[in-house]
Amino acid sequence: MASRLPMLFLLGSVFLSMVSGHNAFSEKEKSQQQKQNPYLFRSQNFKTRFENQRGRIRILPRFDQRHPHLQGLQNYRLVELEIQPHSLFLPHHRDAENVLVVLEGKAIVSIVNQTNKETYNLEQGDVLRVRPGRLVYVANVEQNQKFRATSILIPVNIPGQYENLYPFGNQDPLSYYIAFSKKTLEATFNSKYNEIERILFGQKQQGEKGQEQSSNEGVMVKLSSEQARELRKHAESSSSSSSSPRRRRSPSSSPSSSRPIFNLRNVEPRYSNSYGNMWEVRPEDSPELLRDLDMSVAVLELKKGSLFLPHYNSKGILISQVIDGEAKLELASPHLANERSQEQGQENKHHEEEKQHDEEEKQEEQSEGQIRRVSSRLNQGDVFVALAGHPLALRASKKNDLWTVGFLLDADNNQRNFLGGEKDNVINQIDRIVLEQAVNGSGEEAEKLLNNQKESYFVNAQRSRSDEDQEEGSPLLSILEEESF
Amino acid sequence: MASRLPMLFLLGSVFLSMVSGHNAFSEKEKSQQQKQNPYLFRSQNFKTRFENQRGRIRILPRFDQRHPHLQGLQNYRLVELEIQPHSLFLPHHRDAENVLVVLEGKAIVSIVNQTNKETYNLEQGDVLRVRPGRLVYVANVEQNQKFRATSILIPVNIPGQYENLYPFGNQDPLSYYIAFSKKTLEATFNSKYNEIERILFGQKQQGEKGQEQSSNEGVMVKLSSEQARELRKHAESSSSSSSSPRRRRSPSSSPSSSRPIFNLRNVEPRYSNSYGNMWEVRPEDSPELLRDLDMSVAVLELKKGSLFLPHYNSKGILISQVIDGEAKLELASPHLANERSQEQGQENKHHEEEKQHDEEEKQEEQSEGQIRRVSSRLNQGDVFVALAGHPLALRASKKNDLWTVGFLLDADNNQRNFLGGEKDNVINQIDRIVLEQAVNGSGEEAEKLLNNQKESYFVNAQRSRSDEDQEEGSPLLSILEEESF
Amino acid sequence: MASRLPMLFLLGSVFLSMVSGHNAFSEKEKSQQQKQNPYLFRSQNFKTRFENQRGRIRILPRFDQRHPHLQGLQNYRLVELEIQPHSLFLPHHRDAENVLVVLEGKAIVSIVNQTNKETYNLEQGDVLRVRPGRLVYVANVEQNQKFRATSILIPVNIPGQYENLYPFGNQDPLSYYIAFSKKTLEATFNSKYNEIERILFGQKQQGEKGQEQSSNEGVMVKLSSEQARELRKHAESSSSSSSSPRRRRSPSSSPSSSRPIFNLRNVEPRYSNSYGNMWEVRPEDSPELLRDLDMSVAVLELKKGSLFLPHYNSKGILISQVIDGEAKLELASPHLANERSQEQGQENKHHEEEKQHDEEEKQEEQSEGQIRRVSSRLNQGDVFVALAGHPLALRASKKNDLWTVGFLLDADNNQRNFLGGEKDNVINQIDRIVLEQAVNGSGEEAEKLLNNQKESYFVNAQRSRSDEDQEEGSPLLSILEEESF
C-alpha cells in the first residue's frame, strides 16, 4: 500500500495517489478541504437581512467576492424568504428582477400595477417573476404551514446590490414617504400634515378596531384570523394560480406564454426514470417569464443511493441549492488547476490586480489539460455553482431522496452533455480510430466500456456487498471518498 | 419644542426629529449637506473641453467616479454644446453614440455618409441621434441667437471616454491626416506632398478670397455673413427638419420611424394639466433613434409653485438637467441609508476594494427598509440622477416655471409609478386589509387619505397663508426645508 | 535644416518637425518607439500553451492587460493552432466561443453532438465556428503539409480566461473523468473500476494492435498512415466542406445561412482592383456563424508596393494579424494624445485607480482635437488593434504581397469610411463652403485635391524615381518613415 502523499493538500495540483480504502483523515482536515471548494456556499453563509417572529429574509454573500472565477455572477444574488402562518410581508418594491421558486407551503402574492392588481395563489413548485419596481406583497394565510421560497435576484442599479423600498412601515421599516417635505406631502395627499403624519408615520396603537395587539416591528406583520380569512376570500374570487381552472387563459399544463408564473410540476420531466426526475423550464418554454432573462429553472429529484450521471452544461452557468436530503457533489475544474494557493486568495486586496496579472501569466505557462477535482458533501440549504463546460456529478445519500432547485444562467441554446449512459452522451459518438489514439486499449475495448451503461441520466450508485469486499487494495481511491455515503 | 439632535449630521441614518419651524442652520451647514448629495452635479462641475469666441464644449465628469452607486452609468457622458451666431463647428466624427437635445436657438447639421449627406434644420426641442463614426458638422447661421444643446454620449471604445476626430484643422485642431506619412498622403491624394501640406496643414492666411480675417484657432470658426447665407440656402433646398413640410416622408407629427430626428414639441404630452406638461418619446416611439439605445428622452415643464408628484421609475435610470428655472429636488435612497460616512468616500483609493467589501458586509447586516432622504436645490444647468425604484419629487420655485430635459436609460418597459394623485398611482390599489396592517389608523382612513388628491401628475404646491400660520409647533420638519421656496 | 527636437520622444504630444529626409535615428531609438505602440503585438508575444512534435497552441496575452484603452477587448483572446501532418488534436471542449480561420493546409474537424457528428474538411480560407461546450477533435491527415489556423475565442465563464477540457488523455492531458470517485465511475460505466482505470487512465503500452510506438504525451498525438487513411475515408463519405458538391444544401458560393462554416474565397470580394482584394463576411451574411457574435471576418490581399487607403471603422473594433508579407501600419489615435507618459503605464499597479482618475481629469483639460501618430512595421504573425473611429492605413512592402486576416467586433451596421479615393469616401462629400473654413486655400483648391485620386480602396504607393529626387528639403517627414520600404 503506497504511502499517503502530503502534497495532496496542495491546492493547484492533482496527484494520483494510492491509498488504503479506509478514510484516514481527520474531521479537521476534511473540513479544511471542503472550505477550499470555492464554488460551494454553506447554508450558514447566508446573512440575515431581516428576521422577526413572523418571518425572515436571508441573502447569500456576493458570488464574485467569494472567488474571482465567479466574476460572471457578479450581478446575481440568492435570497431565501420565509413567512410564518398568518403573516403578511408588507407591500414593497425593489430595484432588482426576482425569479422566485416556492419550496414549501402556500402564499397569496399580489403584484400591484397602475390600473389593476394581479393576485396569485402560490404553492410548492411555482416559479414566479416579479419585475423591478413592481409593488408587491405576500401573505401566508395558512393556519399551520410556513411558506418558504428561494429567489434569484438581478439588481438593476448597482451591480450585486439591491434594496427593498416600503411605502408604509409603522416606523420599522421607515415609509419612504419620510423622504418628502411637509409641503410636498401636503400637496401630494391634499391633506393637512398632521393627518398624514398620524396615519403614515405614526406608531400603531392598541385598541383600533379590528386589530389585535401585535408586535408590529418589521417588514413582516401578523394577520388576525379574520384578516387572513378576508384575504383568502379576495384571492379566490380574483386570483389565478399556475393551475387554477379559473384562469382566463385556456387551462393547459404548459407554462402560459404571457403570464409571469408557472409550476414546475405541471411540465413533463425532461429526464425521468426509476432513479430520478428533472423538471426544467427553459427560456423558450416560458417567454414572459424567462426569455429576456436568458434563464432556465429546474427542480431535480434524485432517489436515495442514485447518481445523476456526470455531465456538463455547454454554455450555461448553474446555481443550485439543496432543498432536501444530502448529496455528494463531484466537480472537475480546469481553472482551479491553474491557480496559486488559495490561502492567499482574498486577504491581499492591495495586490489583487497584481496577483491576478501574475496568475494570468502563470496560467498561460501551465500544461494544457490539467484538472482539479472538487468534491463536497452537500446538506439542506447549501448552494453550489457549476461553471459552463465543467463536468459534475451528484450522488444522493443512501438514506434520503435528494431534492434540489437550479437556476441556469445564459441558458439559451445550452446543451446538457452527458459523459455516461445512453442518451445525450457525446462521448460515445467519438470515432473509434480517435478513441484508440486517446485511450489505453483498443478502440473496441473503449467503445465497449463507453456503452456498457444502458440507462440514461440517473442510475443506481449502490454497490453490492460483494463489490465492496473487492475494494481492498484498489489502486485509486479518492481521499475525499466516504464509503459509507 | 424638542431639541435638535446633533446626530442629524451623521450620514447613513435618518432620524425623525422634532425641531422648530424656523430654519436654524447656517449657510455653511446647508451647503455641506448639499455637497453630500452624491446624485447631484452642479453646473460648475462641468469641465471645459474647448472654448473660444465662437463656442464651447463642456463635459460632466464621469458618473461612476462621483460615487460607486453610479457604476451603472459608467459608459454615459453628459456634454453641453454652445455655438455662437455665425459660427461653424468644424467637421468631425467621434467614437461614441450621441443623442442630442436642442435647448435654445437654431443650427444646420449635416451628417455626411459615403454617398450622400443628410442635412437638418435643428430648432428648440429637436432630438437628434448621431451614430458613432458619422462625419458631422454644425453651423449656427443666425444673426443674433446662440445655439445650445445637451447630449448624452455613449462611448464605443473605452468605457466612459470618447474623442472627436477632425479631418481638417488649421493646426488647431490637428488634422488627423497628420498621422500618415508623406508617401501615404501622396498616394492617397495622387498629388505632390507640397500641395497636400499647403492645403491641409498650412496656416490659413489673410487675404484669401471670400474670407475675412479671423482668429481661426480651434474647432469652431467664424462664418462670414455671405458664407452663412450660402449655407442657409443649401440647407433650405435639400434639408429636412423634424417638422418641415418638405420632408420626403408623409408629414406627420409623430416621430418618423426611420429618421434619426424628431421634435419633442410635436408629440402629445404624456402628462398634461394646468400645473405642468411632460413630453416624452420612448424606445418604441422612435425606433431609428432610440430603440437599440434603450433610451427615452423627455422634456418637463413645471409651472411655478407646482409639484411633480412623488413617483419612481420601475427599472429606468434617469439623468436630468435643469434647462431653466429653479427647483427643489427630494429623493429617497435606500442604498445611501446603508453606507458609511461619505467623507471617506473617494479619498482612500487604496482601500477602495476593501472598503467596498466591508460596506457590502455591513449592508447585509443593516435593518431592512432604511431610507435616507436626499434634498437639494437645483439651478439652471444642474444635473441629477434618479436610480431605478428611487422615489423622487420636484417642486418648482414660486417665481419661475421650471424646464428640465431628461434621459431615461434602460427604458424599455419602464413604468413611471406615482405615489400620489389619481392616475398611474400604484399605492391606492393596495387591499384595504393590507393597508390596515401597514399604517396607523383604519384601512378606511388610510384609503381616504390616499385618494384625497384628485389631480394627477402635477399639482399646486403653494400653501395658503392660513396654512402657514398653523405651522408653529408641527412635530416634524425637514432640516433641509426652506419655507420660502 | 532645423534641429531635431528632443521633445519628439515625449509621448502625449505630436510636434510638426522639420527634419532632413534621411533617417537620423538609431535602431535602438526606432525599436523603442515601436515598443510604444500599445495597439501592436509581436508574433513573439504569443505564449505557448502547449507544444510537442505533433503541434502547438499559442495564445496572445490579454488585450486589456496590454493597455487600458483595450478594456473593451477584455473578453477576446487570439489563439494560434498548428497541427503537423499525420497528427490528431485529441477530443476536447472549451468554455469559450471559437471563430477559427484556416491560414494554411487542410484538416478534418469533427464536432460531436448528442445524437450525431458534423464533420468538415477544412481548407485555406475556411471560417468555422465551434460553440462553447461542443466536443471537437481535429486531424491533419495530410502527408506533408502542416495545418495552421488563427482563432478568436470569447470565454463564457471568466472574462478573458478559458480552458480546454479533455475526456481522454493518456495521463497528459489528464482525463477529466479523474475528478469522479470510484463509486461514481463504476456506476457511470456499469463496469469494474479496474477496467475503467486501465482503459481511461492507464499509460498507453507498446505493442497494441495497429498502433506504432509514439511519444503520446500531450494533447496532440501521432496518427499512423493507416489511421490517417481511415479517417480520411470516414470524412469523405459523411463530411461536408464549405465548397463540397456533396453538401446537403444546394451548392452555392454564398455562406449558407444555417451551417457554422463558410469559405472566404467563395464570396465576391467587397473591394477589388489590381492593387488588392478584400473578402469580408459580415454578421448579416452568415447568421448561423456570425450574427449573434456581432462579428465580421475578412481577409485582405494587398499587392506589393500598394496602399490600403486611409479609412476608419465607424463603430467596429478591428483585431488583425499578418498572415504573410510585411507592411507599414499607420494609425491616428486621439486617446493616446491625451495620455501621460507610458513609462508609468503598467508598473504602478497600486496606483492604478488613482492614476486612471488623474488621467481622466487631465484628459478633460486637454485641447480638443489632438492626434497622436502611431506607426509600426508589421511582420508575419504580428497582431494590431484598430479602435473604432481611428483612421488607419496599410502599405505593403515593395518585395511581397501582404496577406492579413481580420476580426471586426461590434460589426453590426459598421461603415468603413475612406479618407481618400473615390468610393465610400466621406471627406469629399463635405460642403465647399465648409471646406473653405476648414483648410488653407480656397474651397475649389481643396475639392480638387480631395478628388484627385480616382482609384478606390487600394492604390499604388510606389513613387517614381523623379519624385524621390525632389524629396530633399521637403518640410515635413515622418521620423518613422523609411524611404526604402
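In what follows, chains are A, B, ... by sequence order, proteins preceding strands, each numbered from 1.
- The distance between the ring centers of C/His335 and B/Tyr162 does not fall below 6.0 angstrom.
- In this structure, chain C has heavy atoms under 4.5 Å from both the backbone and the side chain of B/Val156.
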Before giving the answer on side chain to side chain donor-acceptor pair (under 3.5 Å), spell out for B/Thr184 and C/Arg395 the whole-Å C-alpha distance, their side-chain angles and the decisive distance to 0.1 Å. CA-CA 8 Å; B/Thr184 297; C/Arg395 256 190 304 127; 3.1 Å; yes
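- Interatomic distance, OG of B/Ser87 versus CD of C/Gln437, reported as 10.0 Å (0.5 Å rounding).
- To the nearest 0.5 angstrom, B/Asp95 atom CG is 12.5 Å from C/Asn313 atom CG.
- When C/Pro391, C/Gly420, C/Ala446 are compared by the number of non-hydrogen pairs under 4.5 Å with chain B, C/Pro391 comes out ahead.
- Counting only heavy atoms from C-beta outward, the side chains of C/Val426 and B/Arg134 never approach each other to under 4.5 Å.
- The heavy-atom pair separating C/Ile427 from B/Tyr177 by the smallest distance is CG1-OH, 3.4 Å.
- To the nearest 0.5 Å, atoms CD (B/Glu230) and CD (C/Glu436) are separated by 9.5 Å.
- Nearest heavy atoms, C/Leu449 versus B/Ser191: CD1-OG, 3.5 Å.
- In terms of heavy atoms, B/Pro132 sits closest to C/Lys315 at CG-CB, 3.9 Å.
- What you find for C/Leu309 and B/Ala187 is that their closest heavy atoms are CD2-O, 4.4 Å.
- Using a 4.5 Å cut-off on side-chain heavy atoms (C-beta onward), B/Asn157 and C/His69 make no contact.
- Counting heavy atoms from C-beta on, the side chains of B/Asn113 and C/Gln429 never come closer than 4.5 Å.
- In this structure, the side chains of B/Ile158 and C/Gln71 come closer than 4.5 Å at one or more pairs of heavy atoms.
- With a threshold of 4.5 angstrom between heavy atoms, C/Leu392 approaches chain B through N, CA, C or O but not through any side-chain atom.
- Proximity to chain C (any heavy atom under 4.5 Å) is restricted, for B/Ile57, to the side chain, taken from C-beta onward.
- A distance of 10.0 Å separates CD of B/Glu163 from CG of C/Leu336, quoted to the nearest 0.5 Å.
- Formation of a donor-acceptor pair under 3.5 Å by the C/Gln415 side chain with backbone atoms of B/Gly133 is not found in this model.
- The environment of CD in C/Glu444 is sparse: at most 12 heavy-atom neighbours from other residues, nucleotides or ligands sit within 6.0 Å.
- Interface summary for chain B: among C/Gly316, C/Ser333, C/Ala388, the most heavy-atom pairs under 4.5 angstrom belong to C/Ala388.
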Given side chain to side chain donor-acceptor pair (under 3.5 Å), test B/Ser181 with C/Glu330 step by step and report yes or no. CA-CA 8 Å; B/Ser181 62; C/Glu330 294 170 3; 2.7 Å; yes
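- Exactly one of C/Ile433, C/Asp431, C/Val434 qualifies for a side chain to side chain contact (heavy atoms under 4.5 Å, CB included) with B/Gln227. That residue is C/Ile433.
- A heavy-atom distance below 4.5 Å is not found between the side chains of C/Arg373 and B/Ile178.
- Between B/Pro173 and C/Gln370 there is no side-chain heavy-atom pair separated by less than 4.5 Å.
- Contact check for C/Asn425 versus B/Gln114: no side-chain heavy atoms found under the 4.5 Å cut-off.
- Interface remark: B/Leu135 contributes backbone and side-chain atoms alike to the contact with chain C (heavy atom separation under 4.5 Å).
- Within the model, atoms NZ of B/Lys192 and CG of C/Asn452 stand 10.5 Å from one another, a figure rounded to the nearest 0.5 Å.
- Chain B forms the most heavy-atom pairs under 4.5 Å with one residue out of C/Asn428, C/Asn417, C/Asn413, and that residue is C/Asn417.
- For the pair C/Leu419/B/Pro167, no side-chain contact is recorded, criterion being any heavy-atom separation below 4.5 Å from C-beta on.
- No other option in B/Thr115, B/Ile196, B/Leu231, B/Thr188 has as many heavy-atom pairs under 4.5 Å with chain C as B/Thr188.
- When all heavy atoms of C/Ile430 and B/Phe168 are compared, the closest pair comes out as CD1-CE1, 3.7 Å.
- In this structure, chain C has a heavy atom under 4.5 Å from the side chain of B/Tyr166, while its backbone stays farther away.
- The backbone N or O of B/Arg198 sits less than 3.5 Å from a side-chain atom of C/Asn440, completing a donor-acceptor pair.
- Interface summary for chain B: among C/Ile317, C/Leu331, C/Asp410, C/Asp424, the most heavy-atom pairs under 4.5 angstrom belong to C/Asp424.
- Most heavy-atom pairs under 4.5 Å with chain B, from the set C/Gly72, C/Ala393, C/Gly421: that is C/Ala393.
- Note: B/Tyr176 and C/Tyr312 have perpendicular aromatic rings, judged against thresholds of 30 and 60 degrees for the angle between ring planes.
- Distance CZ/B/Phe189 to CG/C/Asn451: 10.0 Å, rounded to 0.5 Å.
- Contacts between B/Leu88 and chain C at a heavy-atom distance below 4.5 Å involve the side chain alone, from C-beta outward.
- The two residues B/Leu165 and C/Gly389 make their nearest non-hydrogen contact at CD2-O, 3.6 Å.
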